[in-house]
Q: 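Once you've had a glance at the structure underneath, I'll fire off some questions.
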Amino acid sequence: MPIQLMRQTDQPLYLQVAEQLRQQIESGELAPQTRLPASRILAKKLGVNRITIVNAYAELEAEGLVTSRVGSGTFVAVNEDAPPPASPLWRGTLSPRRPWNANQMVAEMMRLARQPGVISFAGGAPASDLLPVHELRRALNEAMRRDGAALLQYEEAAGYLPLRETIAAQLQQQRIPVNGQDILITSGCQQALDVTLNVLTRGSDDNLIVVEDPCYLGFLDILSAHRMTPVGVPVDAQGMQVERLEQIILRHRPRLIYTNPSFHNPTGTTLSLARRRALLEVATRYGVPILEDACYDMLYYEGQPLPSLKSLDTADLVFHAGGYGKTLAPGLRIGYLAAPSAWQERVIAAKQTADILTSPLNQHALHAYLQSGHYDEHLCLTRRVYRERRDLMIAAVQRYFPAEATWRCPTGGMYLWLEMPPSGPTATDLYLAGINYNVAFAIGSVFSASGPFSHALRLNFATPAADEIEEGMRRLGKAWKELLTRSLNVPQPSQRCAVPIL
Ligand SMILES: Cc1ncc(COP(=O)(O)O)c(C=O)c1O
């Protein structure tokens with residue numbers, strides 16, 4: 001499998017590798033089902049970064065020329081258009097060509113973020129240096145000592161009642177009128193979203209769901225798993241453009257309006273109070289339930305946060321989903337759902353069907369941790385550090401990026417949404433160039449079912465340390481300048497990979 005790289009040309013190394021492998025596959029030199037060398041081995045052989053090979057393989061996979069099987073490696077795909085061989089030995093091993101979906105994007109982002117040496121602004125993880133390891137270890141020990149075998153048994157599907165009561169007390173402080181019985185413990189906020197979709201869309205022919213455009217990628221993925229179609233409402237400085245909703249409701253009869261109103265993923269914007277009221281008003285008038293994703297609500301950096309939709313809801317139509325993934329530790333996998341009263345039994349049943357219950361070990365430990373009184377302190381520290389990192393990132397954007405790049409300063413959360421000049425290279429071009437400098441971010445277009453935002457970048461400022469923010473943004477700025485200087489050689493749209501690689 002000879003591959004020769006030319007380092008003096010403008011063509012990125014990963015494209016050179018992909019092109020030569022493509023030729024070898026198309027000429028038959030590399031036969032179907034041939035196992036390609038592991039990326040680490042080929043990278044070593046060619047003297048390049050492993051990510052170069054990973055991206056070359058991803059490029060070929062997007063074209064359907066290779067398939068990767070978890071734990072086994074990357075294989076030359078069988079040509080589906082070619083006549084089947086006389087003996088159908090390949091059946092059962094051929095993975096069908098699947099469109100690149102949100103799930104794969106998330107997986108790819110998380111994988112890339114873990115590559116050694118890469119400064120990643122791509123993922124949605126909280127900062128590792130802030131995870132309260134010692135306090136959680138103490139809480140786990142305390143829970144084990146106190147409740148012993150009960151933690152290792154099945155418990156009530158709705159969750160550990162003392163934890164539900166503690167969460168209800170936290171929500172009451174935000175003027176959400178709930179008690180412990182109204183709270184369903186879920187496996188992360190993600191499952192609270194999924195359970196809501198599950199109960200609301202069951203047995204229904206209407207399959208349209210209103211979402212912000214752009215929208216949280218993991219929710220788009222839930223929609224596709226439920227065979228639901230998103231109807232996107234644009235987002236501006238005040239959040240979702242709620243004034244467009246009535247038309248959409250009359251035209252599409254949506255089953256649900258999903259919104260992430262505070263510190264929105266991916267744009268960082270917050271729905272204004274006037275729009276919160278207008279949203280509730282229109283949803284109440286037409287009886288459309290709202291799913292409020294509140295997972296960033298506690299990460300506010302400036303003054304007091306706006307009231308949640310659930311706290312303003314007089315018609316009992318808001319499903320309020322939250323969790324401790326962004327504010328404490330995503331590995332605990334604990335979220336919650338406060339559903340309207342008419343839906344509470346159904347959401348518990350759906351949760352039970354999904355996974356019986358959320359780990360009692362983690363639930364009891366979280367309860368012990370919240371009882372210990374460390375959470376408020378931890379939240380204060382997290383807000384302060386994330387706010388500093390946000391400011392550092394904005395300063396770095398001003399230092400290293402072109403003056404035409406635009407952004408809005410997020411007043412909380414974890415993300416900066418940066419829009420690059422539309423006349424310049426796309427976010428995908430920059431991503432690919434950035435990877436060669438060991439820096440990654442999330443490409444804006446992946447957050448939209450309709451496909452725009454080709455020049456937008458979502459930058460997570462919370463995860464990297466201060467020096468990484470400075471260095472990562474410097475590298476990205478350099479990659480941008482380099483792209484500009486050779487813009488004549490940037491592939492034309494038809495030659496670009498149709499699928500953003502993340
Ligand atoms: C808007 C939004 N909702 C839900 C989730 C899922 O959170 P959890 O880890 O608590 O399941 C995420 C994670 O990135 C998110 O950004």
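All values reported here derive from a predicted model rather than from experimental measurement. Whatever order the structure lists them in is the order used to number ligands and atoms, beginning at 1.
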Q: Any chance you could lay out the side-chain hydrogen bond (donor to acceptor under 3.5 Å, both in side chains) test for S262 and R276, step after step, and finish with the verdict?
A: CA-CA 11 Å; S262 297; R276 285 174 194 239; 2.9 Å; yes

Q: Protein N/O near ligand 1 N/O, under 3.5 Å, which pairs?
A:
from: ligand 1; atom 1: 3 (N); to: D293; atom 2: OD1; distance (Å): 3.4
from: ligand 1; atom 1: 3 (N); to: D293; atom 2: OD2; distance (Å): 2.6
from: ligand 1; atom 1: 9 (O); to: R333; atom 2: NH1; distance (Å): 2.9
from: ligand 1; atom 1: 10 (O); to: C189; atom 2: N; distance (Å): 2.9
from: ligand 1; atom 1: 11 (O); to: C189; atom 2: N; distance (Å): 3.1
from: ligand 1; atom 1: 11 (O); to: Q190; atom 2: N; distance (Å): 2.9
from: ligand 1; atom 1: 11 (O); to: R333; atom 2: NH2; distance (Å): 2.8
from: ligand 1; atom 1: 14 (O); to: K326; atom 2: NZ; distance (Å): 2.7
from: ligand 1; atom 1: 16 (O); to: N265; atom 2: ND2; distance (Å): 2.8
from: ligand 1; atom 1: 16 (O); to: Y296; atom 2: OH; distance (Å): 2.6

Q: Take F441 and V439 through the side chain to side chain contact (heavy atoms under 4.5 Å, CB included) test and state the conclusion after the steps.
A: CA-CA 7 Å; F441 60 87; V439 58; over 6 Å; no

Q: Any luck finding a side-chain donor-acceptor pair between D355 and S187 under 3.5 Å?
A: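 A donor-acceptor contact under 3.5 Å links the two side chains.
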
Q: So, using salt bridge (charged side-chain N to carboxylate O under 4.0 Å, His left out) as the criterion, who are the partners of E345 when residues are at least two apart?
A: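 E345: no salt bridge (charged side-chain N to carboxylate O under 4.0 Å, His left out) contacts found.
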
Q: Against the six-membered ring of F121, is R458 placed for a cation-pi contact (under 6.0 Å from the centre, within 45° of the normal)?
A: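 That pair does not qualify as a cation-pi contact.
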
Q: side-chain hydrogen bond (donor to acceptor under 3.5 Å, both in side chains) between Y375 and T327: does it pass, once the steps are laid out?
A: CA-CA 9 Å; Y375 188 50; T327 54; 2.8 Å; yes

